[in-house]
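Everything below concerns the one structure shown next.
Model, not experiment: these values are computed from the prediction. Chain letters run A, B, ... following the sequence lines, proteins first and then strands; every chain starts at 1.
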Amino acid sequence: MSLFSLQQQLKEEIRGAAREMFGVEVQQLTADTPPKPELGDLAFPVCFELAKLIKQATGEKMAPRAIAEKLKPRLESFDQVARIEIAGAGYINVFFDRAKLLQLFTTKTSFEAKRDGDLTDQKTDQSKKMVEHTSINPNKAAHIGHVRNAVLGDTFVRILQAAGDRVEVQNYIDNTGVQVADVVVGFLHLEAMNLEKIKALDESLTPDYPFDYYCWDLYTEVGRFYRDGNPSNDLNPEKLGMRTKVLHAIEEGNNRIAELADYVATRNVECILNTMERLGIRYDLLARESEILHLHFWERAFELMKMKGVIRKETEGKHAGCWVMPFESHTGTDEHESDKIIVRSNGTVTYTGKDIAYQLWKLGKLGLNFHYRVFRNYQDDHTLWITTTDAKAEAKAGVERPPFGGGDTVYNVIDSRQSYPQEIVARGVAAIVPEVGADASVHFSYEMVALSPAACEELGITLSEEDRAKPYIEMSGRKGLGVKADDLINQLESGALLEVEKRNPELSETDKKATAHEVAIAALRYFLLKFTRNTVIAFDFKEALSFEGETGPYCQYAAVRTNSIFRKLGDETLRDADSLLTMISGDSALQLRVSEVLSGESGTEIWSLVMLTQQLDEVIAQCRKSAEPANLAKYTFSVARAFSRFYHDHRIVTEKDDVRRAVLIAVTKIVRAQLTAALAILGIRVPEQM
RNA sequence: GCCCGCGUAGCUCAGUGGAUUAGAGCGUUCGCCUCCGGAGCGAAAGGUCGCAGGUUCGACCCCUGCCGCGGGUACCA
């Protein structure tokens, strides 16, 4: 049994008691951890709520403490509960029987219990959650801002999976957009290259300057080109015309420019996927904009919107000739708050329009489907699919295709600057299919990663006076202003390698590199996860490259220490310790001795570490509900910190007293299981040594 | 103008469905290898939780107003 399910049982008892004794129904019932371990293992502030409810129901004024006194015996009847104390203005504080619980937690960790299906809260519904993340324009290398998106999305996916959800992971590929067109303009007009020449160029590039890096630089050149070489110039309309021409050709398809664009986009996608693979981030499906166009997703959505009266064609005013979505709540006359344009007067669709079509498909409400082919086979049998217009491609795959689309809840990991268009999409979808509603479309928003003026200087970027005065500077692919993901990972890996070589000189070169890689990824992922989503990260090299303090490697290190303890312990010692604890329930003298180890100041400290580890399930549930992975990162760090202290305070391997040693080993075992599980959800692995 | 987010220690950030001393990390100062690995542990210094009202027995947290910063409000995405 886990702490989580024990909590559920206690809550049920309180609910039942409130019903029987006071005739009221408790809606919100939370279990807190008391501010200090001396105040108990669990606290229910429910009596404040009950006092209000009772007053409402009967008019009778009852003091929260008096209510608590009445509930006390009910909770004390639990076997695992040692005693109940009423504290403060009316808190119910629960003190568990530590020896009994320790044994319970040791025999099965909550994760093993979940795997074995003996958790009472197990979900039976198999509704599907869908998470779209990464979705980088395939025209250049990924930068650190993109990595924040991917790491947040990937971690949220892991959180959902840990909570027992079925999840489908999508990465949207805008292969027919302006950004791809810009790079194509660069190849055609700046480099005078055709497809053959680009392929030859691609072949000749070395791993330290791959295709996506080449495009990164070319893209910034195109940006200058549009302004005739001077960033402060206006855009040159004639040159912009080149972009428009290319864009039309790409959207049209079946021509040489479209073919060239497809090569460029696909190669960038491959490079970006390689970057993400380094971070342990994978996908189920790459959904491409070209298929949304060519498989007529938009036309279908357009029909649906017209049919349902969601959009209307304006015949006069400044939007004459456009199809717009009226904004019911718009407050008026201001020109910046008018209806949202879905189809432009020249007949082309806006991004918002295309996104509504895609969102409808995601929710299984479009009535059309993509065709699919295999894009990549990941190492452990996982297959990545991509959309295609070729209806026969799937049969050639030789693998069974999962049923893509049709999610019950769709999370779109997109930065907060797009919250307005995202709101339009959600509302549009809800208007088309009211039975789905706007809540099925969740904008998982986050703030950008920006550069501090100092970080810009370290990158050798010269700043304008205006920029220098800002607290941070927005990254810009267009300006080539940003920290490339692979550069940063490389830097982290070489930093980690130095440390590994210092500490583990006996390791083989391969092992050293593998370990350095794990440490680097831990550092990067944790760095991006420790900030809450709505905090702008002002990127700082020193902080991002650190392995000390509140970092991924610190958490990893604590887990590595638990492993090395078990390596040091002989099999026999371990077996003895295990069997000693299993005998607790039948041996009251032994149980007393275990209780003694866990009592007093030192015992309480040990015990609070155990209690902390048991909160993992609840933290996961919270993160799932709030869609805030930072909570899990913070929690993981607190477990690592508590264990580091425990490790420092107690000698585990050399402990002479067998009962005490068994307890210390049991605690270490529990920490190892929970900490390793928590890290795995953050996408951080625990190396053998580091 | 309107909408959204933010304002907490020198710096970077957590936090709160009301519990007495508001928490981390970095930085600063001082300690800790008779060691299961110091990517560690302990201690100290450092805060009128932007300002002003309001609700309450009680507000860093809820409400209102103001100030400051950022983002959005395009026939861009």
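Nucleic acid contact for A/Thr352: none, since no nucleic acid atom lies under 4.0 Å from a heavy atom of the residue. The residue A/Val519 sits close to a base: some heavy atom pair falls under 4.0 Å. Residue A/Ser644 is in sugar-phosphate contact alone, with no base atom involved, counting any heavy-atom pair closer than 4.0 Å across all strands shown. Among the protein residues, A/Asp649 comes within range of no part of the nucleic acid, since none of its heavy atoms lies under 4.0 Å from any strand. At a threshold of 4.0 angstrom between heavy atoms, the contacts of A/Val560 include nucleobase atoms, whether or not backbone atoms are also involved.
A salt bridge links A/Glu289 with A/Lys354; the closest basic N to acidic carboxylate O contact falls under 4.0 Å. Look at A/Glu474 and A/Arg417 and you find a salt bridge, because one of the NZ, NE, NH1 or NH2 atoms lies within 4.0 Å of a carboxylate O, short of that distance.
If you measure from atom CZ of A/Arg533 to atom C1' of B/C13, you get 17 Å, rounded to the nearest angstrom.
In this structure B/G27 sits in no base pair that meets the Watson-Crick or G-U test at under 3.5 Å. The nucleotide B/C60 finds no pairing partner, because no Watson-Crick or G-U wobble arrangement with both distances shorter than 3.5 Å includes it. Pair assignment for B/A45: none, as no Watson-Crick or G-U wobble contacts are both less than 3.5 Å. B/G1: Watson-Crick or G-U partner is B/U73, with both key distances under 3.5 Å.
Checking B/G5, B/G15, B/A39 against every side-chain atom of A/Thr532, the shortest atom distance belongs to B/G15.
Comparing the same atom, P, in B/G23 and in B/U48 gives a spacing of 16 Å after rounding to whole Å.
Aromatic ring pairs are classed by plane angle as parallel below 30°, tilted from 30° to 60° and perpendicular above 60°; the pair A/Phe531 and A/Phe527 is perpendicular.
No close placement of the A/Tyr557 and A/Tyr554 rings is indicated, their centers lying 6.0 Å or farther apart.
Regarding contacts with the backbone of B/A77, every side-chain N or O of A/Tyr351 stays at 4.0 angstrom or more from both OP1 and OP2. Residue A/Arg417 places none of its side-chain N or O atoms closer than 4.0 Å to OP1 or OP2 of B/C3.
No aromatic stack links A/Tyr554 and the base of B/A39, using centre distance under 5.5 Å and interplanar angle under 30°.
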